[in-house]
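Written out below as structure tokens is the structure these notes cover.
Hydrogens, waters and symmetry mates are skipped; everything else that's a heavy atom, side chains included, is used. A, B, ... follow the sequence lines: proteins, then strands. Residue 1 opens every chain.
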Protein chains: 2
Amino acid sequence: MSSRPTKRQEQVLDYVRRHRTQHGLAPTVREIQKHFGFASPNAAASHLRALQRKKLLYRHPGTARALRVTGDDRKEVAAIPIYGDIPAGFADTREQRPDGCVYADLDSLDIRRTARTFAVRVRGDSMTGAHILDGDLVVLELREPNHGNIVAALIDGETTLKRYLVKNRRPFLRAEHPGYPDLIPARELVIQGVMIALFRKPKDAGRPIEP
Amino acid sequence: MSSRPTKRQEQVLDYVRRHRTQHGLAPTVREIQKHFGFASPNAAASHLRALQRKKLLYRHPGTARALRVTGDDRKEVAAIPIYGDIPAGFADTREQRPDGCVYADLDSLDIRRTARTFAVRVRGDSMTGAHILDGDLVVLELREPNHGNIVAALIDGETTLKRYLVKNRRPFLRAEHPGYPDLIPARELVIQGVMIALFRKPKDAGRPIEP
DNA sequence: TATAATACTGAACAAATGTCCAGCCGTCCT
DNA sequence: AGGACGGCTGGACATTTGTTCAGTATTATA
């Protein structure tokens with residue numbers, strides 16, 4: 001019987017959430033009091049009581065900083081391995097060595113837990129026309145591609161990111177940048193993954209450019 | 001100057017880690033004491049001191065349950081609130097209502113824990129030249145922008161994503177799409193955040209079509 | 001062998017923190 | 001009009017909790 005929080009209660013809940021992610025621990029009653037400018041710790045405490053009543057918050061009585069926002073626990077965070085370079089024998093996943101992981105929640109990625117998901121660091125500018133830049137991290141899912149999907153494919157022993165197209169029942173790959181020709185596979189086309197998400201961290205995020 | 005922990009210290013560190021993942025919060029000194037059967041809280045406390053000296057643990061003095069294992073921070077996933085729409089009075093964070101959250105690890109985002117970070121859903125195509133598309137999720141940090149940064153700014157009561165430029169010591173905003181004029185602020189320029197990351201989930205990604 | 005570091009016991013203090021009681025004011029609903 | 005509820009002030013109390021001082025025994029370490 002969890003009901004909706006009021007505006008104020010939402011704010012409190014948000015502050016708890018934020019405090020947890022920023023400082024790694026939940027705030028105390030008096031920290032909440034201070035943040036909202038209450039004159040009494042009871043103001044914060046009663047909000048917590050209300051949130052608890054509405055099942056939006058859990059806590060251990062008598063325990064310091066024992067606040068836990070209900071939804072946050074259930075968030076399933078997937079560790080997506082990053083393969084900087086995909087070698088030929090991709091089928092054997094066990095031999096892969098990820099260069100770290102991206103962590104993203106399944107919700108926002110809409111990932112099925114059964115699906116094989118991985119990420120690749122993009123090299124080159126052959127897909128800038130599709131707004132995929134050098135250095136971008138592309139999250140891929142192992143499945144059959146559809147016409148128009150962006151895929152990681154194996155061409156001549158190298159893996160590249162291209163758009164997957166079908167013409168006259170024959171699939172081929174297209175780069176999204178002037179000067180790159182279409183790639184029509186001589187033998188068979190090995191699709192290693194279909195792009196489902198993109199993650200970019202601009203290199204110039206903190207750096208000024210020439211005026 | 002971080003050296004190796006002793007066997008016992010390793011056990012304590014392990015217990016702290018386990019307690020955090022199991023209960024969502026760090027143990028107190030006395031909980032550690034109880035777990036190891038110490039007769040004095042000082043036994044646990046001195047272990048924590050040693051671990052701190054070896055840079056394997058961080059804590060806030062005088063704060064309850066403020067233990068953080070050094071390596072674990074990197075795996076920590078931050079909940080970044082998504083503000084679909086940024087109203088005028090942004091300075092008052094308390095009135096914000098996030099439309100859910102993105103979850104990303106601090107490492108890959110290079111987020112400072114102290115920094116105020118949030119995300120905005122991009123609307124419109126004024127930044128396609130900078131490879132930022134309609135529907136993209138842009139992660140922003142609250143800080144002073146540099147020349148060339150992409151920022152969320154408040155213009156005429158509306159928030160837009162633009163490139164921040166400075167000419168003759170006067171800052172202005174530039175869209176990255178043909179046909180959009182530069183925005184030269186009449187009064188003052190309110191910068192709400194500087195882009196530090198981008199997250200895209202293609203709309204046509206999840207459709208499985210049978211051939 | 002000296003010296004430091006580890007690994008504790010034992011007691012106690014002070015700050016941090018959760019909690020409770022009493023009451024005020026306004027809004028919404030019946 | 002009445003009552004339930006949200007939002008808050010003000011004060012106080014009892015734990016919880018971090019911290020410190022003093023001391024013992026064992027194990028490295030130079």
Nt span of DNA chain D in reach of chain B heavy atoms at under 4.0 Å, 5' end first, is dT17(D) to dA22(D)

Can you list the residues that meet the ring pair (Phe, Tyr, Trp, His ring centres under 6.0 Å) rule with [X], with sequence neighbours excluded?
X: His60(B); value: none
X: Phe38(A); value: Phe36(A), His47(A)
X: His35(B); value: Tyr15(B)

Which is true for [X] with a 4.0 Å heavy-atom rule: it touches a base, it touches only sugar-phosphate, or it touches nothing?
X: Ala39(B); answer: sugar-phosphate
X: Ser40(B); answer: base
X: Thr6(B); answer: sugar-phosphate

I need the [atom1]-[atom2] distance between [X] and [N], as an integer number of Å.
X: Arg59(A); N: dG18(C); atom1: CZ; atom2: C1'; value: 7 Å
X: Arg49(B); N: dA7(C); atom1: CZ; atom2: P; value: 13 Å
X: Lys54(B); N: dA5(C); atom1: NZ; atom2: P; value: 11 Å
X: Leu25(B); N: dT17(C); atom1: CG; atom2: P; value: 13 Å
X: Gln52(B); N: dT6(C); atom1: CD; atom2: C1'; value: 17 Å

(message) Quiz question: by atom type and distance under 3.5 Å, do the side chains of Lys55(B) and Thr70(B) form a donor-acceptor pair?
(response) no

Note: His147(B) and Val166(B) closest approach over all heavy atoms is ND1-N, 2.9 Å

On DNA chain C, more 5' by nearest nucleotide between His47(B) and Ala64(B) is His47(B)

Taking side chain to side chain contact (heavy atoms under 4.5 Å, CB included) as the definition, give me every residue that meets it alongside [X], ordered by chain and number, with sequence neighbours left out.
X: Arg59(B); value: Val29(B), Leu48(B), Gln52(B), Leu67(B)
X: Glu176(A); value: Met127(A), Ala130(A), Arg163(A)
X: Pro5(A); value: Gln9(A), Glu10(A), Leu51(A), Leu56(A)

Sorted by chain and residue number, the side chain to side chain donor-acceptor pair (under 3.5 Å) partners of Thr128(A) (sequence neighbours excluded) come out as His177(A)

With Asp182(B) as partner, the option from Arg170(B), Lys167(B), Arg174(B) fulfilling salt bridge (charged side-chain N to carboxylate O under 4.0 Å, His left out) is Arg174(B)

Pairs under 3.5 angstrom, nitrogen or oxygen only, protein versus nucleotides 25-30 of chain C, please.
none

Quick note, salt bridge (charged side-chain N to carboxylate O under 4.0 Å, His left out) partners involving residues 125-134 of chain A, not counting sequence neighbours, are Arg123(A)-Asp134(A), Asp134(A)-Lys203(A)

Ranking dT19(C), dT6(C), dT17(C) by distance to the side chain of Pro61(A), first place goes to dT19(C)

Sorted by number, residues from residues 30-38 of chain B placing a heavy atom under 4.0 Å from DNA chain C are Arg30(B), Phe38(B)

Rounding to the nearest 10°, end axes of the helix from dT1(C)-dA30(D) to dT30(C)-dA1(D) built from five pairs each make an angle of 40°

Worksheet entry | N/O (side chain, Arg53(B)) to phosphate O (OP1/OP2, dA4(C)) under 4.0 Å | no

